[in-house]
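Below: one structure, written as structure tokens.
Below, read A as the first sequence line, B as the second, and so on, with proteins coming before strands; counting in each chain starts at 1.
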2 protein chains.
Amino acid sequence: MNEDQNLRGKTEREIRQKLLQAIFELRMPPGARLTESVLADAFDVSRTVIRLVIARMTQDGVLVKRPNGATCVASPTRSEISQILRVRRMVEPEIAGDLARSYKKLSFAPIVEHLRKEELARTSGSYGDLVRLTGEFHLHLAELSGNRFLFNLIYQLQALVCLGVVMYTNTEIACPEDEHRQIADSIMSGDDESAAELMVHHLDHVEENILSSSKQHIHFNETLKWLSGE
Amino acid sequence: MNEDQNLRGKTEREIRQKLLQAIFELRMPPGARLTESVLADAFDVSRTVIRLVIARMTQDGVLVKRPNGATCVASPTRSEISQILRVRRMVEPEIAGDLARSYKKLSFAPIVEHLRKEELARTSGSYGDLVRLTGEFHLHLAELSGNRFLFNLIYQLQALVCLGVVMYTNTEIACPEDEHRQIADSIMSGDDESAAELMVHHLDHVEENILSSSKQHIHFNETLKWLSGE
DNA sequence: ACATCCAAAATTGGATGCAATTAATAGTAC
DNA sequence: GTACTATTAATTGCATCCAATTTTGGATGT
């Protein structure tokens, strides 16, 4: 596979985007070690900008820094995913309820457009896109709330949940049916209680899928040494 | 006072800590422009590490990057502080309630120790310390929850609220009386409903203080000059 | 006196080079 | 054949250097 055409991007933001996409598509799976040099080569920039990318994505939690300085793709445990979803259950049902309460003032065009794309990815079976899109649904809602701190929060947490999904769930089971559409319908019809409740159940389902699944994520040789030695 | 002794620190984490403290003490007030060079000089490191510090604190929201690339200390509007406190009201009452429900399994020694320090700073009138400490109280609670994502969330939001406090409130009014102690008492006695309710009221009071105050923040764009002369 | 435009200084963004730390490998002894 | 060690390769972290952009200051003309 030729990564040159696909990966090269100049600005720091583009590089982060592409790298995240590569991670969701499992071209750089959880636990994989990333060296600054190979990233600098892959994106055709100097190590300096790669260091900034790594610093940012480390703070986002998508990458982790080992005690010796090596950076790896994060491989969150099931327990950590639970912690994340616990936070999301604190805020997202309330977001959904609030949106439903002010549904008259909001423009839902981006949402319905998104649901269309999601459905398309689901039927066409492009898994990497589907994982990314199902995460982006929640981002759209956070954005609609008009609270940029909520958006940032959901952005960070959602990325790690996506990682958990690709690690622990078996392909299509990941994103249950059309729960997103039901939530959107409740919001757009102004039914705040239903919207909040559906959101709780949705997040519960995501957690169930991850916790109940027996799928074991495979770590690479290099990272295995780390885990056993430390 | 000689800032050399005070500011110089080698590791990136130390530098961030010192810079944050300097901001809370208004030596680098909201709106002040920070150039990489003067920071590099002040901390006696190269611009490279300063750039990492800036990148991280920018992501935390404590610093902001203007369209032209200049970095300034964030000067959040009252509206933004409201947004932040809205997020905190979504999670912190629930945290307090959860802690109260499992109060038997928790060790509250750090909390009581913290309350002591807070009281000390309040009576001794060291304002910079007080602002920092009142923020750290909430961090202690988040830490007790054992959920590192909650901790990160509160960490980011709390820093910006501290900025809002120093910008918009008149000194001592900032951190109402002994609300922290009341919250801690409820938690340590296992009264979850009271703990959650007190937390809501506490956050409401903080917001009221900021919104009702008529204090106008003055943007310093050339403060660094007389700061060096001090 | 005021506005405009051009030159010079400053500042950010990026690349390269160097030292220190860490991982890998080969070689040797048992 | 295995374990241990020493040498070598590789990677991170930091500092300096170069280019590109922005800001400042002043000169000029109206």
What integer distance in Å separates [X]:[atom1] from [N]:[atom2]?
{"X": "A/R66", "N": "D/dG13", "atom1": "CZ", "atom2": "P", "answer": "14 Å"}
{"X": "B/L39", "N": "C/dT11", "atom1": "CG", "atom2": "C1'", "answer": "13 Å"}
{"X": "A/L52", "N": "D/dT12", "atom1": "CG", "atom2": "P", "answer": "15 Å"}
{"X": "B/E12", "N": "D/dG13", "atom1": "CD", "atom2": "C1'", "answer": "11 Å"}
{"X": "A/E36", "N": "C/dG14", "atom1": "CD", "atom2": "P", "answer": "15 Å"}
{"X": "A/I50", "N": "C/dA15", "atom1": "CD1", "atom2": "C1'", "answer": "13 Å"}
{"X": "A/D41", "N": "C/dA15", "atom1": "CG", "atom2": "C1'", "answer": "13 Å"}

Partners of [X] by salt bridge (Lys or Arg N to Asp or Glu O under 4.0 Å), sequence neighbours excluded?
{"X": "B/R148", "result": "A/E80"}
{"X": "A/E113", "result": "A/R116"}
{"X": "B/E94", "result": "none"}
{"X": "B/E208", "result": "none"}

Contacts under 3.5 Å, N or O only, protein and nucleotides 21-24 of chain D:
residue: D/dT23; atom: OP1; partner: B/N68; partner atom: ND2; Å: 2.3

I need the full list of side chain to side chain donor-acceptor pair (under 3.5 Å) pairs touching residues 49-63 of chain B, with sequence neighbours left out, sorted by first then second residue. A/Q59-B/D60, A/D60-B/Q59
Could you check whether any side-chain heavy atom of A/F149 comes within less than 4.5 Å of a side-chain heavy atom of A/L153, counting everything from C-beta outward? no
Could you list the residues that satisfy side chain to side chain donor-acceptor pair (under 3.5 Å) with B/T77, not counting sequence neighbours? none
D/dG13 phosphate, OP1 or OP2: any side-chain N/O from A/K65 under 4.0 angstrom? yes
Side chains of A/H140 and A/H180 only: does a donor on one sit below 3.5 Å from an acceptor on the other? no
Check nucleotides 15-17 of chain D for protein N or O atoms closer than 3.5 Å to its own N or O atoms and list the pairs.
residue: D/dA15; atom: OP2; partner: B/S46; partner atom: N; Å: 3.0
residue: D/dA15; atom: OP2; partner: B/S46; partner atom: OG; Å: 3.0
residue: D/dA15; atom: N7; partner: B/T48; partner atom: OG1; Å: 2.8

Got a sec, which pairs hit salt bridge (Lys or Arg N to Asp or Glu O under 4.0 Å) with one end in residues 130-147 of chain A, sequence neighbours left out? A/D129-A/R132, A/R132-A/E136
